[in-house]
Amino acid sequence: MTLVSAREQLPEVEADPPVRLATPSLKAVVRIVAIVVACAIGLYLAWRLRDVLRLVVISVFVALALLPIVDAFDSRVRVPRAAIILALYVTLAAGVVVVGVVVVPSMVKQVQQLSRDAPRYTQDLRGNATFRRYDDRYHIADKLQADARELPSQLSRATGPLQDVTVKAFGVIGQFVTVLSVAFLLMLNGRRYVGLALRLTGSREARYRQLIVDINQAVARYMLGNVAISLLATVATWLVLTILGVPYALSLGIVVGFFDLIPLVGATIGAIVVAFATVTVDFPTATIVWVAFVIVYQRFENYLVQPLVYGRTLNVNPLVTILGVLAGASLLGILGALLAIPIAAAVQILLRDWWANRGAAAEAS
């Protein structure tokens, strides 16, 4: 067989068709320009109204968090829904007042006691040979005593900036009332508002309705679950500190529960605060026991309690969680850190739905 005959037997390969660039029509150009202008106007308005939008977002998450409680009482008690919401507000306000009354005086007494007993604690520390060797070189005990004696005066000086804060208090109260009012209306008539909006979606109403239900469940589960986990941390801390004989165990437990609301770092900050309080009881035994308890409890909370409370709905990527918490904290402080995880979970649900329907549309075409 010659080379020519072999080439003749090869199948002919069709050449790729040439690529032709069509000139866009005037209608398409106008549409693109209109979309760009509309996006620019929307971003500009969002920037100008960023404070209002922030309050609206906070109100939505507050409403989503309290909605399961309101629905539960609404289905069991024959009372107007508005009265249930107001009663829930009063209960939460009373809880905040009780926490303030219990925690603030106790922490002030704790600081004063630490200041009075500082010389005895430093003498106990000097009983340790290793600490005494470093203390003779760096004078650690003298510095600790000086700092402890200045604690009450620093606490009294810290009340000075409160005068500046009170000037801005009316603005903060106004924002707080706005959030509660918007959340009240959302819990009262939210389903009607959502129903009116869903009717505009036509054939996609069922899909979007299920999407809203999933987001509502995720946010409510996180907010209520976070509060439940913090209450568990408060009770556990109170019991351990009571056994160790630490004064004001309930107040310190409330402090730990409050910090435990903050994702990632809150539990560690609360544990450090309590560790300083254990120094006033039996150093270093009480401190060592407390640190061991914190290590065991955090493992118990992270690997058993949180998966049981949150379920798989909030299975957010750890990297997304860290970045979300950092971004939320930089935008809204502690409140932003609290809202970062439910917002990330809501975005995850939206992206999962979009990807699933995108794949279904591609298969159908």
Side-chain angles (χ1 to χ4, degrees), residues 65 91-118 121 124-125 144 148 151 155 158 221-310 314 321 325 329 333-335 337-342:
T91 303
L92 294 176
V96 172
V97 171
V98 169
V99 169
V101 170
V102 172
V103 172
V104 175
S106 300
M107 293 304 295
V108 172
K109 293 179 181 178
Q110 189 77 22
V111 170
Q112 293 175 349
Q113 179 183 355
L114 180 61
S115 176
R116 289 193 302 267
D117 298 339
Y121 299 146
D124 294 340
L125 288 174
L144 291 176
L151 277 178
L155 186 63
R221 183 175 297 178
Y222 172 78
M223 304 295 278
L224 295 178
N226 200 11
V227 173
I229 292 173
S230 297
L231 289 177
L232 180 61
T234 299
V235 173
T237 301
W238 172 57
L239 291 176
V240 172
L241 295 182
T242 301
I243 294 173
L244 293 176
V246 178
Y248 313 110
L250 180 59
S251 301
L252 294 173
I254 294 175
V255 170
V256 171
F258 172 76
F259 280 110
D260 196 54
L261 291 171
I262 304 173
L264 301 180
V265 298
T268 303
I269 296 175
I272 293 174
V273 173
V274 175
F276 284 107
T278 59
V279 177
T280 64
V281 179
D282 184 15
F283 184 83
T285 304
T287 306
I288 294 174
V289 172
W290 168 250
V291 172
F293 163 76
V294 168
I295 294 174
V296 174
Y297 179 80
Q298 287 189 357
R299 298 297 181 274
F300 169 75
E301 181 181 293
N302 294 336
Y303 296 106
L304 181 61
V305 178
Q306 289 185 358
L308 183 64
V309 172
Y310 295 150
L314 290 174
T321 300
V325 170
I334 295 178
L335 184 60
L338 294 176
L339 297 179
I341 294 181

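Numbers here are sequence positions counted from 1.
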message: Between Thr285 and Leu244, is there a side-chain heavy-atom distance shorter than 4.5 Å?
response: no
query: Under the side-chain contact (heavy atoms from CB on, under 4.5 Å) test, which residues partner Ile272, sequence neighbours left out?
result: Thr268, Phe276
message: Closer than 3.5 angstrom, by distance alone: can the side chain of Thr234 be matched with the main-chain N or O of Ile254 as a donor-acceptor pair?
response: no
message: My understanding is that only residues two or more places apart in sequence, or in another chain, count here; which of them pass side-chain contact (heavy atoms from CB on, under 4.5 Å) with Leu92?
response: Leu66, Leu88
- prompt: Of all residues at least two apart in sequence or in a different chain, which pass the ring-ring contact (aromatic ring centres under 6.0 Å, His included) check with Phe259?
  reply: none
- prompt: Do the side chains of Tyr297 and Val305 get nearer than 4.5 Å, heavy atoms only?
  reply: no
message: Check whether Thr278 reaches the backbone of Ala275 with its side chain - one donor and one acceptor, N or O, closer than 3.5 Å.
response: yes
query: For Thr242, what residues pass the side-chain contact (heavy atoms from CB on, under 4.5 Å) criterion, not counting sequence neighbours?
result: Trp238, Ala249
task: Go through the structure and list residues passing side-chain contact (heavy atoms from CB on, under 4.5 Å) with Ser230, not counting sequence neighbours.
output: Asn226, Asp260, Leu261
statement: Contacts of Trp290 meeting ring-ring contact (aromatic ring centres under 6.0 Å, His included) (sequence neighbours excluded), chain-then-number -> Phe293
